[in-house]
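Basis for what follows: all heavy atoms, side chains included, without hydrogens, waters or symmetry-related copies. Residue numbers start from 1 in every chain, and the chains themselves are labelled A, B, ... in the order their sequence lines are given, proteins ahead of strands.
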Amino acid sequence: MVQYHHRGCHRQGNHETVGENKEKRPKFFINDHVDILIEILKRLDCRSLCVAASVCRLWCTIARNDSLWENLCFRHVSPPPTSVRSVVLALGGYKRLYMGCVRPVRSRLGRARRASWARDEVQLSLSLFCVDYYERLGGSNSNGRVVGESSPSSLMFLCKPVNV
Amino acid sequence: MVLYDDSATLAGSCSGSSSSFSSKPPPMQQQQDIDDLLAGAGYKVRSSELRKVAHRLERLETAMVNSPADFSQLASDTIHYNPSDLASWVDSLLSEFAEAPPCPSEFIMDPVTNQTVVNDVWTTTNPNMSQVHQNISYELQSLNNQLTVVTAMEEDSGIRLVHMLMTCAECVQRGDFSLATSFLKDMQGLLTRVNTVCGIGKVAGHFIDALSRRIFQGFGGGSINGGSSYENEILYHHFYEACPYLKFAHFTANQAILEAFDGDDCVHVVDFNLMHGLQWPALIQALALRPGGPPLLRLTGIGPPSPDGRDSLREIGLRLAELARSVNVRFAFRGVAASRLEDVKPWMLQVNPKESVAVNSIMQLHRLLGSDSNLNYPIETVLSWIRSLNPKIMTVVEQEANHNQPGFLDRFTEALHYYSTMFDSLEACTVEPDKTLAEIYIQREITNVVSCEGPARVERHEPLAKWRTRLSGAGFRPSHLGSNAYKQASMLLTLFSAEGYSVEENEGCLTLGWHSRPLIAASAWQAVSHASAALDTHRPAQSKAGK
């Protein structure tokens, strides 16, 4: 409804910016319509979303919202049961899940991928994410690893692709 | 297919053997003696001609090295027909060269007494050739590495090293320690000429160390077995990071446990070696998300007592409990500190009769074995009390190797193969310090297998077939792992980005290997119920014999 009007306004904007119509019809400024903005950002891919986060503070705040990343994680999969959300949030959130696990898993498996694997990919990512959370728990304890400052992370093998 | 008749005569005169190359037999006859291993790789070579083709390839290689200018012209100007017909293709290339210089290949001609070992070692250093016919692989590999003289010498040293290791081991078996010592000195000298950073040099170095320990320090293995449990845990953790074997073990076992616990509300998992508890977060998460909600999970972790007053078991338990609390899984942990698995008694586990029990053993059962199959070793006691717990599932992951043979030389040979393959797979890892520490972890195993005897030797690996017999005899029945476990394992391997790993299914068990050599095997078992066990007692001597 509002959308149509503004779209129409935008199209004719070139003709009518100058002069009287400027006062009558306000310019369309996306930041005033956060719900539309969210709808748009929800459909972006990871890279675009990260780029969008550097546009302005409002976009940054929205892009950091976990529900956008939730969409990314489950994009090609049928919506998961609701219990997944509480688990993922407890383990560190969807953005972390996506950046740390889902994205490398998807890109690594990209070559050998079959359509039926999409759900299994997410499940595997969740398991790896959980192990990572567990190791992060350990790092916060004063266990003190003897071996260097960087405690071993079970996701390191995802970060550094190995070419043999 | 175009043939070069003059090449046939040229080749025939140089190699000194008559060649029936000039006339191509009709395709029907040809099909019958095509070497099928090479055919799998896309090359059609007759089995009778393998040796000849190898020699010609070798000459071609030499020619390429010595007159690169000619070869580049060859590559651009000449038309080559059908490279899959390897023999005639090589001849066509050779015929372009005016005269092939004699090939410096004395070491190829050397009779190698133990060719099997050498070939397998070769396949580990150059993994791409593992599928090829034995003779060809040996010669082709030596060709590929002959590009520089230095490399040739190095590979030559590598072969000599393996040779000497075998001979030294044989001396040790015979009891001829003075000769063995002299071999050790020679080998240590040879090590300086070989690249010890990777490949055969590195593995050989570890085996030489282990042999010298055996000769000079007796069968206690020195201080290597006395490594503190804290050190062991760190090494184990880095081994977990560096290569997929433990991850495969954990994920496969978890999948089996998850499927077995389907529909149960009260579950109890007994872990024979808790370490840092890296296996359990994934199971806790999977239970949290299972349809129908999570059960009450009890985990009993067995581990060595910690020396300096720290209760490491309890700390791990607290961490796991915190994770479980975050994901809303009711969780209870109990730690059982025991320095040896046979010291654990079932009452310590406090199993509730109403709960479903899973027993998880990742590379622990082999420590209970002994070398003499007739005596009563702890394995029988432990297996019987496991059975008395009536577990819904028992997951067993063991190294797929035969390191418990009574004869030292056999054990040594087998260990050389196995650990060469494992080190080779470790080359794929570039994350430090994981890789170095993982190597130390494996090195400890090598030392134990080679230099210890009696109760000090705990790394008594046995292959899957033997475990099957043993577990079936102890009252367990195999439970097939299923396609979900297989799918998960395959995905996990794909993530590791190293092209050599392979998951195989073996009668309901999964094995993970490097280039078709299985290195670790995961299986699941259920206790046969006592009613059907009573029927079994009518069959005499089935459970008692063969242990």
A.B. asks: Identify which one of B:H250, B:K247, B:Q285, B:Q255 satisfies the side chain to side chain donor-acceptor pair (under 3.5 Å) criterion when paired with A:S127.
C.D. replies: B:Q285
A.B. asks: With rounding to the nearest 0.5 Å, note down the distance linking SG in A:C130 to CG in B:L289.
C.D. replies: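 Spacing of SG (A:C130) from CG (B:L289) equals 9.0 Å.
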A.B. asks: Do the side chains of A:E135 and B:L278 get nearer than 4.5 Å, heavy atoms only?
C.D. replies: yes
A.B. asks: Does the B:R319 side chain pair with the main chain of A:L137, one donor and one acceptor, at a distance under 3.5 Å?
C.D. replies: no
A.B. asks: As an exercise, state the distance from CD of B:E322 to OH of A:Y133, rounded to the nearest 0.5 Å.
C.D. replies: 5.5 Å
A.B. asks: So what's closer than 4.5 Å to chain A heavy atoms on B:L283: side chain, backbone, both or neither?
C.D. replies: neither
A.B. asks: Any chance you could measure A:Y134, atom OH, to B:I284, atom CD1, to the nearest 0.5 Å?
C.D. replies: 8.0 Å
A.B. asks: Evaluate the side chain to side chain contact (heavy atoms under 4.5 Å, CB included) criterion for residues B:F251 and A:L128: first the C-alpha distance (whole Å), next the side-chain angles of each, then the deciding distance (0.1 Å), finally the verdict.
C.D. replies: CA-CA 10 Å; B:F251 275 72; A:L128 291 171; 3.9 Å; yes
A.B. asks: To the nearest 0.5 Å, tell me how far A:E121 CD sits from B:T494 OG1.
C.D. replies: 9.5 Å
A.B. asks: Tell me whether the count of non-hydrogen atoms from other residues, nucleotides or ligands lying under 6.0 Å of CZ in B:R314 goes above 12.
C.D. replies: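 Result for CZ/B:R314: open.
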A.B. asks: What's the shortest heavy-atom distance between B:S326 and A:A90, and which atoms?
C.D. replies: O-CB, 3.0 Å
A.B. asks: Atom CD in A:Q123, atom NZ in B:K487: separation rounded to 0.5 Å?
C.D. replies: 8.5 Å
A.B. asks: Does A:R96 have more than 12 heavy atoms from other residues, nucleotides or ligands lying within 6.0 Å of its CZ?
C.D. replies: no
A.B. asks: Heavy atoms only: give me the nearest B:V327-A:L91 pair and the separation to one decimal.
C.D. replies: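 Shortest heavy-atom contact: CG1-CD2, 3.9 Å.
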A.B. asks: How many angstroms lie between atom CG of B:L495 and atom OG of A:S125, to the nearest 0.5 angstrom?
C.D. replies: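 Reported value, rounded in 0.5 Å steps: 8.0 Å.
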